[in-house]
Amino acid sequence: MSENVVHLHKHTSPPAEPATVDTAPTVLTVVPDAPPARPVPLWVRSGRAVKTAVTHERTRSAGRAVARHGLYTFNGGRIAARRAWDGRTGSRYERMIRAAEAAGNLEAAEEWEERLQRFRAARHHRRMDLLHSPVDAAKGVAVGAGMSVGVLVALGVIMAISTENIGHVVTPLAATIDFIALLIRIVQIVWGPAVTIGPFLALLALWSVGRKQHAAPQWALPANVRSGEGEPITPSIVVKALRDLGVPALARAIKEMGDAGASMLGPITIAGCGVEVDVTLPSGVSTNEVQSKRRKLAENLTRHEHEVFITIPQAARTVRLWIADSGALDEPIGPSPLVTDETMTADYKKGKAPWGQDLRGDAAALSLYQRHLLITGLSNQGKTVALRSLALWLSLDKSVQFLMGDLKGVGDWAMFDGLATTLIQGPTDEHVIQVTEMVESAVEEMNRRIQAPPGTQFPPLIVLVDEAQVAFMCPAKDEDKRPYGGSKANSRYFMAVRKIHNQGRAVNVLMWQGTQDPTNENLPKLVREGAHTRASLALGTESQARMALGDKAVDGGAAPNLLRPGLDRGTLVVASDGITIPAGQSSITVRTHYIDDDAATAITDRAKALRDGVTTLHAIDRGEERDPLADIAAVIGDATRVRTKDVLARLATRNRGAYGEWSFIDLKRVLDDAGAEPYKSDGVMVVSRDRVARALTNRDTKGSASAE
């Protein structure tokens with residue numbers, strides 16, 4: 001009997017011929033299964049679970065929170081105890097003396113020592129007074145009690161006489177006794193809960209003190225606090241940062257100093273949202289060696305580069321360091337007083353425009369009186385808003401007149417329609433031509449004022465051109481082949497600006513310009529140096545910073561090229577005698593208030609309410625045939641009546657060629673012929689809007705009748 005063989009493995013070679021069948025038995029090898037894995041002991045699994053739970057982020061966060069709040073309470077108690085100890089002893093003064101001696105400031109050390117002596121004398125006087133205070137207190141209590149009883153009895157006598165009842169003599173005294181008994185009962189009721197809750201309230205107070213001071217180790221603090229807090233600035237940290245700056249002569253000098261470099265430092269004072277310290281450099285180290293390593297110095301002080309400012313005061317071999325609190329410069333500074341104070345007005349001559357805050361946190365205000373202005377910076381850094389905020393403040397002085405050209409033309413200055421005498425908006429060559437003719441009309445007005453009798457007072461005329469680089473780069477030419485742009489002697493815009501810079505200040509004709517990304521082509525040297533107030537937002541290079549502010553300001557530490565484009569929007573460096581600059585510095589950094597379009601419109605509405613009505617021209621009149629009566633009606637606007645003096649000034653601004661030479665006699669002749677004669681009101685000659693409108697209506701009616 002034959003058996004069939006079942007092959008358990010696949011053959012890799014082809015099968016043999018079916019004719020030859022191997023009938024030998026096949027031996028099968030049975031491979032046993034792998035032994036089952038040994039079970040993990042319970043203690044191992046428990047350990048792993050405990051480890052996972054302990055190292056989980058939530059557990060760690062909870063542990064940090066428990067440690068943090070416990071340490072807040074403990075260290076809050078230490079802080080409160082130290083404050084109490086400082087208040088009762090002279091330890092605070094002794095610490096300040098040691099710090100002043102370490103800084104090498106002997107004058108400050110002597111001053112603190114004098115304060116310590118005065119404190120000890122006053123404390124001794126108080127302790128001597130304690131010897132007499134018990135007797136004085138007892139006498140005071142006795143006298144007070146006697147007087148109180150006497151007053152109550154006298155009040156009872158008065159009540160008894162009034163009511164004819166002798167029993168009322170003791171009524172006030174009895175009422176007082178009842179009131180005291182009521183207070184005692186209230187205290188008895190409250191005392192128990194107060195004793196129970198009191199310790200918890202005390203612990204809560206200590207916890208609050210510790211939390212405000214972040215009185216816990218760095219590892220226990222929240223992540224946002226750990227990342228936002230830099231090291232506190234101390235003399236040793238400043239000296240160490242200077243030593244590691246990479247200036248060999250400075251490092252050697254610090255090592256050789258017996259006081260480890262403390263004598264280089266002046267007192268570290270709080271200055272706004274940071275601290276300030278003067279550093280007197282040793283011989284052989286120049287100030288520009290420190291200035292050029294601003295980033296490394298900031299990192300040595302555990303700060304970002306934009307949080308450290310280096311300026312050069314008047315003292316020789318001295319640099320002034322201003323070091324911000326970590327993250328403080330990234331916080332907003334709040335709204336402008338122009339927005340929050342609706343009663344604010346302006347005074348061109350004596351007032352200052354609220355522009356923003358300096359790095360110390362103090363209000364930065366700019367005087368605009370007889371100062372030409374230039375603001376520059378990279379695109380989209382807040383130039384227009386910074387320039388516009390100054391114009392908004394000045395518009396609240398009703399005597400100020402504006403000629404405005406916006407060569408961007410996106411509506412940034414649209415709220416001045418009805419406030420400015422001329423407002424041209426647009427980026428094309430035709431708009432540049434219009435703006436150039438506007439500036440040239442201001443030159444004519446300036447020349448007219450110069451020829452006036454000495455002592456004549458003129459209202460301020462602000463000629464403002466935003467995006468002025470468009471005008472300087474304009475390739476258009478007039479019919480005489482004179483270019484409107486450029487910086488040559490025949491360039492019309494350039495020469496008009498130069499003339500106002502040269503003579504306009506004396507007669508209150510001022511040139512304000514805003515431009516971006518300055519170069520020698522789009523901001524000629526003679527124009528930028530003609531501005532009394534020069535300000536710059538973030539720029540790309542130091543050469544541009546020198547164009548914007550001048551060599552003196554940059555050599556003195558001004559560095560708009562180190563501002564962060566986009567992040568430091570609205571922050572600018574100002575070089576001007578119209579703003580308060582710390583002694584010894586040539587510039588100041590200002591963080592300007594942001595005023596949006598809606599708020600700007602509200603401010604201009606207030607400014608329009610101060611005026612009698614202004615008709616804004618949106619194009620320059622090139623000498624077409626004039627209608628004097630219609631022009632008079634236009635310049636009067638919505639006002640009920642306007643002084644003849646103001647009408648003449650508005651007509652001259654409207655068309656210098658037609659009305660620049662007009663006198664009161666010319667105005668009176670036109671009005672008399674039309675039947676709209678000027679008249680006196682409150683002692684001054686005025687022109688009535690209704691009379692002029694009636695005269696125009698009558699003239700049009702007569703013209704229509706004659707035509708028929």
Side-chain angles (χ1 to χ4, degrees), residues 71-133 202 205-218 221 229-243 253-282 300-303 315 318-326 360-361:
L71 290 171
Y72 280 168
T73 305
F74 177 75
N75 290 327
R78 293 177 59 239
I79 293 171
R82 183 172 182 177
R83 289 175 179 175
W85 179 256
D86 286 345
R88 300 291 297 174
T89 67
S91 59
R92 176 191 294 112
Y93 302 95
E94 293 172 356
R95 286 200 307 271
M96 298 305 296
I97 291 172
R98 289 194 297 269
E101 290 175 346
N105 192 341
L106 299 182
E107 294 181 0
E110 292 176 358
E111 180 180 353
W112 282 109
E113 188 172 2
E114 291 178 2
R115 293 184 182 183
L116 176 59
Q117 294 299 330
R118 291 196 298 268
F119 169 79
R120 287 173 174 170
R123 183 178 61 184
H124 176 72
H125 182 72
R126 289 193 301 270
R127 289 175 176 174
M128 296 302 295
D129 288 342
L130 290 176
L131 299 176
H132 308 285
S133 58
L206 296 178
W207 173 86
S208 178
V209 172
R211 184 183 64 84
K212 290 181 180 179
Q213 298 292 328
H214 298 303
Q218 285 290 315
L221 294 176
E229 289 288 333
E231 283 190 70
I233 302 301
T234 61
S236 60
I237 288 178
V238 175
V239 172
K240 185 176 182 296
L242 293 169
R243 185 195 65 194
I254 292 175
K255 291 180 180 178
E256 293 172 358
M257 291 181 181
D259 56 1
S263 60
M264 295 194 308
L265 305 184
I268 298 177
T269 59
I270 296 176
C273 56
V275 296
E276 189 175 71
V277 59
D278 284 352
V279 181
T280 303
L281 300 176
N300 289 349
L301 293 168
T302 66
R303 296 295 190 272
T318 301
V319 294
R320 179 168 294 162
L321 307 180
W322 185 86
I323 307 159
D325 298 334
S326 293
R360 291 172 169 266

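Because only heavy atoms are used, hydrogens play no part in the values below, and waters and symmetry mates are left out as well, while side chains stay in.
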Ignoring hydrogens, what is the shortest heavy-atom contact between Thr73 and Leu206? Give both atom names and the distance. O-CB, 3.9 Å

Taking every non-hydrogen atom, the tightest pair across Trp85 and Ser91: CD1-OG, 3.6 Å

Could you give all pairs that pass the salt bridge (Lys or Arg N to Asp or Glu O under 4.0 Å) test and reach residues 114-126, with sequence neighbours left out? Glu94-Arg120, Glu111-Arg115

Looking at every heavy atom in both Val238 and Ile233, which two are closest together, and how far apart are they? CG2-CG2, 3.6 Å

Quick one: are Ser236 and Val239 in side-chain contact, heavy atoms under 4.5 Å? no

What distance separates Leu242 CG from Leu265 CG, expressed to the nearest 0.5 Å? 7.0 Å

Closest contact, heavy atoms only, Pro282 versus Met264: CD-SD, 3.7 Å

Test item: Ile237 and Leu301 side chains (from C-beta on) under 4.5 Å apart, heavy atoms: yes

Gap between atom CD1 of Ile254 and atom NZ of Lys240 - 0.5 Å precision: 11.0 Å

Backbone N or O of Leu130 within a donor-acceptor pair of the Ser133 side chain at under 3.5 Å? yes

What closest approach, in Å, do Val277 and Gly266 show between heavy atoms, and which atom pair accounts for it? CG2-O, 3.5 Å

What residues, two or more places apart in sequence or in another chain, satisfy side-chain contact (heavy atoms from CB on, under 4.5 Å) together with Ile79? Arg83, Val209, Gln213, Ala215

